[in-house]
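Below: one structure, written as structure tokens.
To find a chain, count down the sequence lines: A is the first, B the second, and so on, and within it residues start at 1.
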Amino acid sequence: MSSNTAPDALPNDTATPAREAARPGLDFIRARIREDNASGRFGGQVHTRFPPEPNGYLHLGHAKSICLNFGVAREFSGLCNLRFDDTNPVKEESEYVESIREDVRWLGGEWQNREFYASDYFEKLYQYAEQLIRMGKAYVDDLTADEIREYRGTLTQAGRESPYRNRSVEENLDLFRRMRAGEFPDGARVLRAKIDMASPNLVMRDPTLYRIRHAEHHRTGNAWCIYPMYDYTHCLSDSLEGITHSLCTLEFVNNRELYDWVLNALGLYHPQQIEFARLNLTYTVLSKRKLIQLVREGHVTGWDDPRMPTLSGLRRRGVPPEALREFCARVGLARVNSTVEYSMLEFCIREYLNAHAPRVMAVLDPIKVVIENYPEHQVEEFEMPYHPEDASHGSRKAPFSRELYIERDDFRLEPPKKFHRLSPGAEVRLRYAYFITCREAVLDEAGNVLELRCVYDPQSRGGQSPDGRKVKGTIHWVSAAHAIPAEVRLYDQLFAVENPNAVPEGKTFLDYLNPDSLRVVQGLLEPALAESKPGDRVQFERLGYFCKDKDSTPGRPVFNRTATLRDTWAKLEKKGA
RNA sequence: UGGGAUGUAGCCAAGUGGUAAGGCAACGGGUUUUGGCUCCGUCAUUCGAAGGUUCGAACCCUUCCAUCCCAGCCA
């Protein structure tokens, strides 16, 4: 069994000629980069960055950005930096830095030694701020936060200039230095850019550049008590790192004007910011605020709960990084806000796992089968391929004996039309083993099926039809005496509605949690699974794809359901009902 | 009511003046020792709407409509 835990390099699965042929047209970002390369705008260089704030775990939305930034760099023979945007000490923690590193690496992002932190630039950023002050383009403002809001004006009304706006350079410099020196309490003053209080773009109405925060920073400790704001930090960080294309999401379109303003004011190297639409998925929430709430309030077991859309959750669920990359490639890139259907992700997961996951047998809702004409103490071993279409996966042996377990759902006392499985008098194939015919169902007083009495056809060894007779149904099974008990966690959507973000007045997204998002069952596995390791991904034949969980103990394996198989019978039956 | 961004099928998404790619979903069928995979077929006379320019418009022009973003000392 392969452990299939090692991710391939990022672009290998998106750059095959066949794929490219199937995907005509570059997305608008790659098209622009190609134009820039053609015109020599950045000397033909491509240098991107993935800039997460270490205040939470990475999720599917970040996957899109990671695939884009690292993918673009790779495709254009450029580089992509990993940069932690850590300018707000009260929200950021080292725990998140660790998880982000792990997740980016898992997804296939390679940043070599280019791991940067906005906090690395604090001193430079400070010097640039003094420079802006000396140029008369920044000033220290004593207004309170509330006053600044009032002075800002509204969407339709221009703002008013702060009474402190025209302090002298000397006074500003002195005040800013004293801010840095810790002479003032939190909120007492801020440094603002002097731009235009009447700008129709609110971002440009003298944006705050620095605020006072007497707080310990996860990297700089207590070295600073003033911290730069995002808009000021991001463009300078990009510039300092020689980024060519600064890719971000659509909500930053308004901020681009300020991005450009800062760099122009300082006369620095100027990367190009380009915005794209963020990813939304049906039946899930992808906002940090909501994800953190799910974790903190205990609606899930943690950031890596397999129902979480976090990369660590998806990984634990058994989703391969290759599937995520394929998903991001299929979703495409545009400037329209969009919500992708979960079925698209599910398709990518199944597509990869179908090709790569070894097949094994497991019974999750057992019903005992006794084969009356099979010798009492006989045990046979059947050789079974791990993959029906790909012999390179090899095979294993599975024991067969008189007493077996099959899936309760594979038997019906009164079979509906087109039911190809077991029922009284019906014959079915036990996968890779024998044909059996059900003679009798033993029931309890309540009418529950306790056990099935069957007979087998010795001529059908291996599941072959001895005389060419057709047996439509093939079901999976495990040998009762040899099966390994296991805990199996059946996961479903975390939310019961398509869009948990849009809920009626008075409700919150938490009111739409799916009460059946996790069902734990005790299953029985074929013995070959004894050798599996946490992280191994397999297909339980006819049931779905499963991944061995880290909660497994030597005597007690735990498997998470990654995805079910498509089930056209369930669909058919539903229609009939 | 200011500014910005965006409207192509149920969901993504190509298309950039020459007569609507592709994928997901859905539906019908073939195949099948997984009711899986796979294969074949169906699925936009029309591109947010209305006018206009043109031999010709999803693409150009005008007006309108809808959705999203911005009033953090968050990112």
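No side-chain heavy atom of A:Thr310 sits less than 4.5 Å from a side-chain heavy atom of A:His62.
Side-chain proximity of A:Lys575 to B:A13, B:A75, B:G28: nearest is B:G28. Residue A:Thr156 has its side chain nearest to B:G2 when only B:C12, B:G35, B:G2 are considered. Closest approach to the A:Asn337 side chain among B:C68, B:A75, B:C24 is made by B:C68 (side chain taken as heavy atoms from C-beta onward). Considering only the side chain of A:Ala334, B:A13 comes nearest among B:U34, B:U1, B:A13.
Rounded to the nearest Å, the gap between the P atom of B:C60 and that of B:U67 is 24 Å. Nucleotides B:A49 and B:C40, compared at atom P, are 34 Å apart to the nearest Å. If you take atom C1' in B:C73 and the same atom in B:A13, they sit 41 Å apart, rounded to whole Å. Going from the C1' atom of B:G30 to that of B:A66 covers 45 Å, rounded to whole Å. If you take atom C1' in B:A5 and the same atom in B:U42, they sit 37 Å apart, rounded to whole Å. Here, B:A44 and B:G7 have their P atoms 22 Å apart, quoted to the whole Å.
Contact annotation for A:Phe419: base contact, defined as any heavy-atom pair under 4.0 Å involving a base atom. Residue A:Asn55 is classed as having no contact, given no heavy-atom separation below 4.0 Å to the nucleic acid. Within 4.0 Å of A:Gln464, counting heavy atoms only, lies at least one base atom of the nucleic acid.
Screening residues 273-291 of chain A for salt bridge (Lys or Arg N to Asp or Glu O under 4.0 Å), with sequence neighbours left out, gives A:Glu251-A:Arg278, A:Arg256-A:Glu275, A:Glu275-A:Arg335. Counting only residues at least two apart or in different chains, salt bridge (Lys or Arg N to Asp or Glu O under 4.0 Å) contacts with residues 82-91 of chain A comprise A:Arg83-A:Asp238, A:Arg83-A:Glu241.
Glycosidic torsion of B:G72 falls within 90° of 0, placing the base in syn.
Considering only side-chain N and O atoms, A:Thr87 lies under 4.0 angstrom from the phosphate OP1 or OP2 of B:A75. The side chain of A:Lys571 contributes an N or O atom lying less than 4.0 Å from OP1 or OP2 of B:C27. Taking only side-chain nitrogens and oxygens, A:Arg335 comes nearer than 4.0 Å to OP1 or OP2 of B:U6.
Applying the side chain to side chain donor-acceptor pair (under 3.5 Å) rule to A:Ser395 yields the partners A:Glu383; only residues at least two apart in sequence or on another chain are considered. In terms of the side chain to side chain donor-acceptor pair (under 3.5 Å) criterion, A:Tyr151 has no residue partners (sequence neighbours excluded). Remark: A:Glu216 pairs with no residue by the side chain to side chain donor-acceptor pair (under 3.5 Å) rule, at least two apart or across chains. Applying the side chain to side chain contact (heavy atoms under 4.5 Å, CB included) rule to A:Glu498 yields the partners A:Thr282, A:Tyr283; only residues at least two apart in sequence or on another chain are considered. Annotation: side chain to side chain contact (heavy atoms under 4.5 Å, CB included) contacts of A:Pro466 (sequence neighbours excluded): A:Phe435, A:Asp457, A:Gln459, A:Ser460, A:Arg469. Residues forming a side chain to side chain contact (heavy atoms under 4.5 Å, CB included) with A:Arg561 (at least two apart in sequence, or on another chain): A:Leu490, A:Phe546, A:Thr564. For A:Phe347, the side chain to side chain contact (heavy atoms under 4.5 Å, CB included) partners at least two apart in sequence or on another chain are A:Arg330, A:Glu351.
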Listed pairs, N/O of protein and of nucleotides 36-43 of chain B, under 3.5 Å:
unit_1, atom_1, unit_2, atom_2, d
B:G36, OP1, A:Thr568, OG1, 2.8
B:G36, N1, A:Glu389, OE2, 3.0
B:G36, N2, A:Glu389, OE1, 2.9
B:G36, N2, A:Glu389, OE2, 3.2
B:C37, OP1, A:Arg566, NH1, 3.4
B:C37, O2', A:Asn354, ND2, 3.0

Every protein N/O within reach of nucleotides 70-73 of chain B N/O, cut-off under 3.5 Å:
unit_1, atom_1, unit_2, atom_2, d
B:C70, O4', A:Asn254, ND2, 3.3
B:A71, O3', A:Arg152, NH2, 3.3
B:A71, O2', A:Arg152, NE, 3.1
B:G72, OP2, A:Arg149, NE, 3.1
B:G72, OP2, A:Arg152, NH2, 3.1
B:C73, OP1, A:Arg152, NH2, 3.3
B:C73, OP2, A:Arg152, NH1, 3.3
B:C73, N3, A:Gly187, O, 3.4
B:C73, N4, A:Leu143, O, 3.0
B:C73, N4, A:Ala145, N, 3.1
B:C73, N4, A:Gly187, O, 3.0

Under the side-chain contact (heavy atoms from CB on, under 4.5 Å) rule, what do A:Leu209 and A:Leu132 come out as? Steps first, then yes or no, please. CA-CA 11 Å; A:Leu209 267 22; A:Leu132 285 175; 4.2 Å; yes
Evaluate A:Phe382 against A:Tyr434 for ring-ring contact (aromatic ring centres under 6.0 Å, His included), listing each step before the verdict. CA-CA 10 Å; A:Phe382 288 106; A:Tyr434 289 110; 5.5 Å; yes
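Both A:Val336 and A:Leu543 lie close to RNA chain B; mapped to their nearest nucleotides by heavy-atom distance, the more 5′-ward contact belongs to A:Val336.
One can find a donor-acceptor pair under 3.5 Å joining the base of B:G10 and the side-chain atoms of A:Glu341.
Stem analysis of RNA chain B (Watson-Crick or G-U pairs, both distances under 3.5 Å, runs of at least three) returns B:2-7 with B:65-70, B:10-12 with B:22-24, B:26-30 with B:38-42, B:48-52 with B:60-64.
Here the options are A:Arg152, A:Arg165, A:Arg160, A:Lys194, the test is salt bridge (Lys or Arg N to Asp or Glu O under 4.0 Å), and the partner is A:Asp206; only A:Arg165 passes.
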